[in-house]
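Below is one structure, written out as structure tokens, with a few remarks after it.
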Amino acid sequence: MLHHFLSYIEQQQLFTPQQRGLLAVSGGIDSVVMLHLMHRAGFPVAIAHCNFHLRPGDCDRDEQFVRQLANHYQIPLFVAQFDTHAYAEEEKLSVEEAARNLRYRYFETLLRDHHFDYIATAHHRDDATETFFINLLRGTGISGLHGILPRNGDIVRPMLVFSRQQIEAYAEQENLSHVEDVTNQSLAYRRNQIRHQLLPLLRSINPSIDEIMQRNITHLSDAEQLYRQAVDSQRQQYLKSQGDSFLLSHHDLMHLHPQRTLLFEFLQPFGFNTSVVDSLLQLQGDPHFGQQFLSSQYQLLRSAEGLLIEPIRKDEKQNNTQFIERFEVEQSENYQVTLNNKTLSFCILPRTQVPSLKVPPTQALFDVDRLAWPLTLRSWQEADRIAPYGMSGTQLVSDLFTHHHYTPHQKREALMLCDADNHLLWAVALRASRYAAISTNTTLILIVTMQ
């Protein structure tokens, strides 16, 4: 295994024996085996460990185990303590996104301050395959289908040459201890469903599926490089820069080919998804302008000139709008957003764990997989219309205000929850829409509650 490890590092040109590396070690079996192989190879390394304080007791146990590892191998150790929930709430991120941001920001700081040459993570071949299927199920473009790359800037992944089975066999052979995250077995998480259900089925159909998927990922990575060159050329030709804004004229939009794919690639770096692309294409030829779409950082206005993309000013974003990015079941705890002196909590649960679909006016339920993310929580606007659940057609929200005898102050503080297609999902505490309503096919439910 050490021979294959060294050969892969040399083949992928990940680093040289003289370069100093920083190893991301969680205490799990993958990072423990990576540390052992790096130590056997004699590479000069140090350990970095993050305690996110997300699992009471377990995170401190993991940290103590990693400290023992560093002492055993007699190598430097860097440990960071994070209040991940507080950071996620402050930055309006899912817990998963918050942990990832904190982790890599810390690694980059260590890399710079202590003059390391690279950061090594212990992602292995099964991780790359699982990521491929996760992105495939989310409807990703080609960039999501190459899985996990051996190198991404300063980050290298020398364990991608091995399967989870090979890693487990090596750990047993070398009698290596590790810590186990109990959530790795829960089928409530999509990655675990792929790991414990989908991949075993595929292996029973074709025992060589792991090797085949690795070749597929390599081919897709090569194809993406050619694809990116073509997209960048088209973007420079059609997307015109205007200071910190960008304009795609209606004339140029009509001449894009393939239109939907290129429009998605033009808009995706600004945070707009395929649902926004579909909505814009449906509006082609419509002489009425003024439609607006929002991402977490940008607003897109369909004007008489074309599609105008502008950054959301910080003061506007803080005062009028909050964004809710897509998160998984395991990131539901303590996900809250506050606007206009009101706090909304967001939770995703499997349908089997939701005892009743009857909810009070201060709560709304939606089918997670039918939502266009990110969601937007904002103040009421004069032209807001809702498609009420259980009714046909649409209704002005202002008529709801009249019916419920809202005062001018209540109108100013009223909240609207919208999706990325600008569908009004919920006039908070008044009426939910039929968009993304729960159906017999629903598997995951988003529960939104006004505190």
Side-chain angles (χ1 to χ4, degrees), residues 91-93 97 138-144 224-326 371-385 416-425 435:
E91 297 296 323
K92 309 306 176 187
L93 300 171
E97 289 175 305
R138 286 175 175 167
T140 184
I142 191 172
S143 61
E224 187 194 4
Q225 294 184 43
L226 300 175
Y227 176 81
R228 290 290 159 215
Q229 292 173 12
V231 169
D232 289 344
S233 175
Q234 296 283 294
R235 183 185 290 111
Q236 292 175 13
Q237 180 178 351
Y238 292 111
L239 196 60
K240 308 300 183 184
S241 173
Q242 300 180 343
D244 59 357
S245 302
F246 298 86
L247 178 69
L248 176 64
S249 71
H250 293 299
H251 176 271
D252 288 342
L253 174 60
M254 291 290 292
H255 287 82
L256 292 181
H257 182 75
Q259 188 184 45
R260 187 179 185 278
T261 297
L262 285 173
L263 183 57
F264 169 77
E265 292 293 350
F266 289 1
L267 299 184
Q268 191 271 338
F270 300 102
F272 298 105
N273 59 21
T274 54
S275 299
V276 172
V277 172
D278 291 339
S279 297
L280 290 170
L281 293 180
Q282 290 173 8
L283 289 168
Q284 276 192 111
D286 188 333
H288 302 96
F289 301 111
Q291 297 89 350
Q292 187 182 45
F293 301 86
L294 297 173
S295 71
S296 60
Q297 302 293 331
Y298 289 87
Q299 59 184 1
L300 188 157
L301 177 67
R302 185 173 177 271
S303 68
E305 293 181 273
L307 306 182
L308 181 62
I309 304 165
E310 298 178 310
I312 298 174
R313 310 303 172 191
K314 187 174 182 180
D315 56 343
E316 295 174 355
K317 180 177 176 181
Q318 290 178 340
N319 293 336
N320 301 317
T321 308
Q322 297 287 359
F323 297 92
I324 301 91
E325 299 287 351
R326 173 72 166 88
L371 290 169
W373 298 81
L375 307 184
T376 305
L377 185 67
R378 59 167 174 79
S379 301
W380 167 66
Q381 298 172 0
E382 286 282 353
D384 278 341
R385 302 186 71 91
M416 305 292 120
L417 182 67
C418 306
D419 69 0
D421 292 339
N422 217 24
H423 292 138
L424 205 166
L425 300 172
Y435 289 114

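Side chain of D232 to main chain of Q229: no donor-acceptor pair is present (N/O by atom type, distance under 3.5 Å, no hydrogens or angles).
For the pair G271 and P374, the tightest heavy-atom approach, listed with the atom from each and the gap, is O-CD, 4.4 Å.
Going from atom CD of Q322 over to atom OG of S379 covers 10.0 Å, rounded to the nearest 0.5 Å. To the nearest 0.5 angstrom, L371 atom CG is 6.5 Å from D419 atom CG. Rounding to the nearest 0.5 Å places CZ of R235 at 9.0 Å from CG of L262. Interatomic distance, L247 CG to Q242 CD, rounded to the nearest 0.5 Å: 5.0 Å.
Legend: residues meeting ring pair (Phe, Tyr, Trp, His ring centres under 6.0 Å) with Y435, ordered by chain and number and at least two apart, are H423. Annotation: ring pair (Phe, Tyr, Trp, His ring centres under 6.0 Å) contacts of W380 (sequence neighbours excluded): F401. Not counting sequence neighbours, the partners of L300 by the side-chain contact (heavy atoms from CB on, under 4.5 Å) test are L267, F272, L280, F293, L307, I309. Take Q291 and apply the side chain to side chain donor-acceptor pair (under 3.5 Å) test, not counting sequence neighbours, and it matches R302. Under the side chain to side chain donor-acceptor pair (under 3.5 Å) criterion, D421 pairs with no residue, sequence neighbours left out. Annotation: ring pair (Phe, Tyr, Trp, His ring centres under 6.0 Å) contacts of F246 (sequence neighbours excluded): F270. Taking T261 as the reference, nothing meets the side chain to side chain donor-acceptor pair (under 3.5 Å) condition, with sequence neighbours excluded. Residues meeting the side chain to side chain donor-acceptor pair (under 3.5 Å) test with Q259, sequence neighbours left out: Q284. In this structure, H288 has no ring pair (Phe, Tyr, Trp, His ring centres under 6.0 Å) partners at least two apart in sequence or on a different chain. Every side-chain contact (heavy atoms from CB on, under 4.5 Å) that Q268 has, sequence neighbours left out, goes to F264.
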List the atom pairs, donor and acceptor, that lie under 3.5 Å between side-chain atoms in residues 250-257 and the rest of the protein, sequence neighbours left out.
unit_1: H250; atom_1: NE2; unit_2: S303; atom_2: O; d: 2.8
unit_1: D252; atom_1: OD2; unit_2: S249; atom_2: OG; d: 3.3
unit_1: H255; atom_1: ND1; unit_2: H251; atom_2: O; d: 2.8

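In this structure, the side chains of L424 and C418 come closer than 4.5 Å at one or more pairs of heavy atoms.
Within the structure, salt bridge (Lys or Arg N to Asp or Glu O under 4.0 Å) pairs that include any residue of residues 271-289 comprise R260-D278 (at least two apart or interchain).
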